[in-house]
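All residue numbers in this chain count up from 1 along the given sequence. Order of appearance sets the numbers: ligands from 1, and atoms from 1 within every ligand.
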Amino acid sequence: MNIETKCLHAGYTPKNTEPRVVPIVQSTTYVYDSTDDVAAVFDDPTKSLIYSRFENPTVMAVEDKIAALEGGIGAMCTSSGQAATMCSLLNILQSGDSFISTATVYGGTINLFAVTFKKMGIECIFVSPDASEDEIKAAFKPNTKAVFGETIANPALTVFDIEKFAKIAHENNVPLIVDNTFPTPILCRPIEYGADIVIHSTSKYMDGHAVQVGGVIVDSGNFDWTCGKFPEFTEPDESYHGIIYTKSYGKAAYIVKARMQLMRDFGCYPSAQSAFYLNLGLETLAVRMKQYCQNAQTVAEFLEANDKVESVNYPNLSSSPYHELAKKYLPMGTSGVISFVIKGGRTAAVKFMDSLSLASNEVHVADIRTCVLHPASATHRQLTDEQLVAAGINGGMIRLSVGLENIDDILDDLKNAFAAV
Ligand SMILES: *Cc1c(COP(=O)(O)O)cnc(C)c1O
C-alpha cells in the first residue's frame, strides 16, 4: 500500500459483517473462559488483552496504523507527546546514565530533560543541532545510552541531520530517537535514514483537529539491544517472572518492554475514545499535509517580502540555512509551521498577534485552523534567557501555524494585523 492508502486502511481490516470503521472498545477489561486462560496471558501478555491501562483494541488499531506509516515493526500510543518522550528514554536509561539531545527541542522536552530527568539521576548532554561530527562524538561519555533530536524542531524549525546523528549514535552502539511530530510520516520517515525509535505528539498534525492530546512511540526493530550496553534487555526482568526481552521478543524487544514495564507501571495509556478521534485525523493526514505545506510556502514568501518583518524562519525557503537539509529529508515540504521575527521586538509581536482576527492565539500548533503563539511568553516561559537563545527564540518571534483556510483569507488577516503595528 502507498502511504495515502495506509492512512485509510492500515491497522484495521474488518471481517465479514464487522463494522467498517474501527469500533470504540470502551472497556477497561476483557473476559476469559478460565483461570488458566488468565494465567497464560500473564505468561505472555502479547498473546491477548489484559487490561486497558496498557492495551486496548481501538488504541492498538491506531498503533498498527502509525507503525505502518513510519515503517516500524510496532508502536505504543501514550496519553500525550510528553509521555511518549519520557517512556522512549526511560525504556533505555536509568539513574546514572546520560544521553545526548540537540538543544533545539520542544520547550516541554527541555524541561523534562534538564530538570525532571536530572532529579531522577539521568543527565542530558545538550549539543547544537549544527554540531560537527567531532563535537557530537566528543559529547559522548561512557554512560551515554541514547541520542535524541527533532526532525523539525518546535519552534526553532531547525532541521535535524538524521543520517549524521544516526551514524555517530551507531558507532557508539546507542540508538537514535527522533521526535517526528512536525513532518509526520507523510513528509519524512526517519527510520529510512537510520533512526531506531520515532516518537510523536499525536496532538499536532496527526490528529490535526485539536480534539485529543496523545503521543506514540514507534520501534524500527533495527537496533541491536544485545550489543552489550543494555543489560535490561538481555538479562531476566524480575518484575516479569524473569523474562528476557531480546530472547522472547527478538526485534520487538524495545516496544514490548516499553508496554510491559513502563505502561504497566506508569499507566499513561490513551483512552479508546481518544484513539478513535486520532484515527479519524490520520485518515486524512496525507491530504492535509500537502495542503499545509502549500499554504505555508505562500505565507512564508509573503512574510519574507514584508518590510515589517526582520526575518522569516521556514526551512523550505531558499534563504533558510536548513534548506539543503530540508530538500534531503523533507522533499515534499516542511509542514505548516513558520516562525518569524517582527521588527520592534516583544511589543510589536504582541500588538500584531492581538490584531489578528482569523488566526487565533492559542497554546497549540499544527492545528487545522491557523493559529499563532508567542513562544517567549508561553511554551518557553520557564526557560532562562540563555536557554531561550540556545533554543533559537527571540522576544519578537512569533510562531505561526498555517492552517487549511483559503490562502487569500489567511493573507488578508496577516495584512490587517501588520497594518495595525
Ligand atoms: C507538542 C509537542 C510535544 C509534546 O506533546 P504533548 O502531546 O503536548 O504532550 C513534543 N514534541 C513536539 C515536537 C511537540 O510539538
For this session: Look at ligand 1 and say whether Gly214 reaches it with a heavy atom at a distance under 4.0 Å.
Result: yes
For this session: Among all protein heavy atoms, pick the one closest to atom 15 (O) of ligand 1 and tell me residue, atom and distance.
Result: Lys204 NZ, 2.6 Å
Exercise. Between the side chains of Arg264 and Ser239, is a donor N or O closer than 3.5 angstrom to an acceptor N or O?
Worked result: yes
Exercise. Would you say ligand 1 has an N or O under 3.5 Å from any N or O of Gly81?
Worked result: yes
Exercise. Tell me: protein heavy atom nearest atom 7 (O) of ligand 1, and distance?
Worked result: Ser203 OG, 2.6 Å
Exercise. Looking only at heavy atoms, what is the nearest atom pair of Phe182 and Ser335, with distance?
Worked result: O-CB, 3.6 Å
Exercise. Heavy-atom distance under 4.5 Å between the side chains of Asp224 and Asn173, does that happen here?
Worked result: no
For this session: Taking only heavy atoms of Gln82 into account, list the atoms of ligand 1 that are under 4.0 Å away from them.
Result: 4 (C), 5 (O), 6 (P), 9 (O)
Exercise. Looking at ligand 1, does any of its N/O atoms fall within less than 3.5 Å of an N/O of Asp179?
Worked result: yes
Problem set entry | Exercise: identify the closest heavy-atom pair between Ala68 and Lys6 | O-NZ, 3.4 Å
Problem set entry | Numbered atoms of ligand 1 (with element) below 4.0 Å of Glu150, judged on heavy atoms | 13 (C)
Problem set entry | Among Ser271, Ser274, Cys268, the one residue meeting side-chain contact (heavy atoms from CB on, under 4.5 Å) with Ser79 | Cys268
Seminar exercise, completed: Near Ser80 (heavy-atom distance under 4.0 Å), the atoms of ligand 1 are 7 (O), 9 (O)
Problem set entry | Shortest non-hydrogen separation from Leu157 to Ser339 and the atoms involved | CD1-N, 3.3 Å
Exercise. Who's the nearest protein heavy-atom neighbour of atom 4 (C) of ligand 1, and how far?
Worked result: Tyr106 CE2, 3.4 Å
Problem set entry | Asn56 side chain to Tyr269 side chain, donor-acceptor N/O pair below 3.5 angstrom | no
